[in-house]
Amino acid sequence: MADQKLSELTAATSAAAADDLYLVQGGASKSITIANLFADVDTDVKFGDTISIDDSETLTGAGAVSVAKTVTLLSNPGANGTLTIAAGSVGQIKIIVMNSNSGGNTLTLDDSDLGHDTVVFNEAGDTATLLYIGSKWWVIGGTAAITN
């Protein structure tokens with residue numbers, strides 16, 4: 001490998017967070033992991049294709065909405081109930097979607113950390129996009145009913 005140019009190396013088709021990349025920084029050769037490269041991207045980022053979020057959870061009833069997953073699907077809840085959500089990280093986005101509700105049950109997101117009192121999901125297609133700022137989750141979009 002020492003006698004190969006970078007352009008002659010076999011191309012990788014995927015990368016994991018712990019994989020190393022070759023980096024020339026200030027004229028010195030270094031390595032950096034994928035995780036560290038994207039940890040603090042301080043530049044404009046442009047996406048030219050479809051963006052996909054693949055970290056989701058599915059809830060079928062009342063309970064805690066995960067802040068470790070970006071998307072929560074509310075799927076055919078078996079009964080009415082209350083959803084809760086813990087504190088997030090500043091700038092964190094959370095998307096909640098009721099994707100099915102054949103029983104006609106209502107789930108209400110009610111938490112002291114909400115910038116609004118409650119967000120009500122009562123039919124398939126109800127959505128809420130939340131943003132965590134200033135120690136609160138704020139509803140920044142969606143079709144679910146919001147009450148103060």
Fill in: Partners passing side-chain contact (heavy atoms from CB on, under 4.5 Å) against I53 (at least two apart in sequence or in another chain)
D55, T70, V71, I95

Worksheet item: Does the W137 side chain pair with the main chain of I93, one donor and one acceptor, at a distance under 3.5 Å?
Response: no

Worksheet item: Would you say E123's side chain and G104's backbone share a donor-acceptor pair under 3.5 angstrom?
Response: no

Worksheet, complete the sentence: When every non-hydrogen atom of S29 is compared with those of Y22, the smallest separation belongs to OG-OH, 2.8 Å

Worksheet item: Is there a side-chain contact between I96 and L130 (heavy atoms, below 4.5 Å)?
Response: yes

Fill in: Audit row: L21, I34, side-chain contact (heavy atoms from CB on, under 4.5 Å) steps and yes/no
CA-CA 7 Å; L21 297 175; I34 299 286; 3.6 Å; yes

Worksheet item: Is a donor on one side and an acceptor on the other found under 3.5 Å between the side chain of D126 and the backbone of N122?
Response: yes

Worksheet item: Residues two or more places apart in sequence or in another chain: which of them pass side-chain hydrogen bond (donor to acceptor under 3.5 Å, both in side chains) with S75?
Response: S100

Worksheet item: Should V24 and L9 be counted in the same cluster of Ile, Leu, Val, Met, Phe, Trp and Tyr side chains packed under 4.5 Å apart?
Response: yes

Worksheet item: Which one of V119, T108, T118, L74 satisfies the side chain to side chain contact (heavy atoms under 4.5 Å, CB included) criterion with L83?
Response: L74

Practice prompt. Please lay out, stage by stage, how T72 and K94 fare under the test side chain to side chain donor-acceptor pair (under 3.5 Å).
Written response: CA-CA 8 Å; T72 297; K94 179 68 187 180; 2.6 Å; yes

Worksheet entry | Q92 side chain reached by L131 side chain, heavy atoms, under 4.5 Å | no

Worksheet entry | Spacing of CD1 belonging to I133 relative to OG belonging to S89, to within rounding of 0.5 Å | 12.5 Å

Fill in: Side chains of S66 and E57 in contact at under 4.5 Å (non-hydrogen atoms)
yes

Discussion item. Assigning hydrophobic clusters by single linkage (Ile, Leu, Val, Met, Phe, Trp, Tyr; side-chain heavy-atom cutoff under 4.5 Å), is V67 placed with Y132?
Written reply: yes

Discussion item. Distance check, rounded to the nearest 0.5 Å: T10 atom OG1 versus Q4 atom CD?
Written reply: 7.0 Å

Worksheet item: Are P77 and L107 close enough that some pair of their side-chain heavy atoms sits under 4.5 Å apart?
Response: yes

Discussion item. Between Q25 and K30 (side chain of the first, backbone of the second, donor and acceptor by atom type, cut-off under 3.5 Å), is there such a pair?
Written reply: no

Discussion item. With no hydrogens and no angle check, just 3.5 Å: does a side-chain donor-acceptor pair link T33 and D20?
Written reply: no

Worksheet, complete the sentence: Residues T106 and N80: closest non-hydrogen pair is N-OD1, 2.6 Å

Worksheet item: Do F121 and I146 sit in the same hydrophobic cluster, where Ile, Leu, Val, Met, Phe, Trp and Tyr count as joined when their side-chain heavy atoms come under 4.5 Å apart?
Response: yes

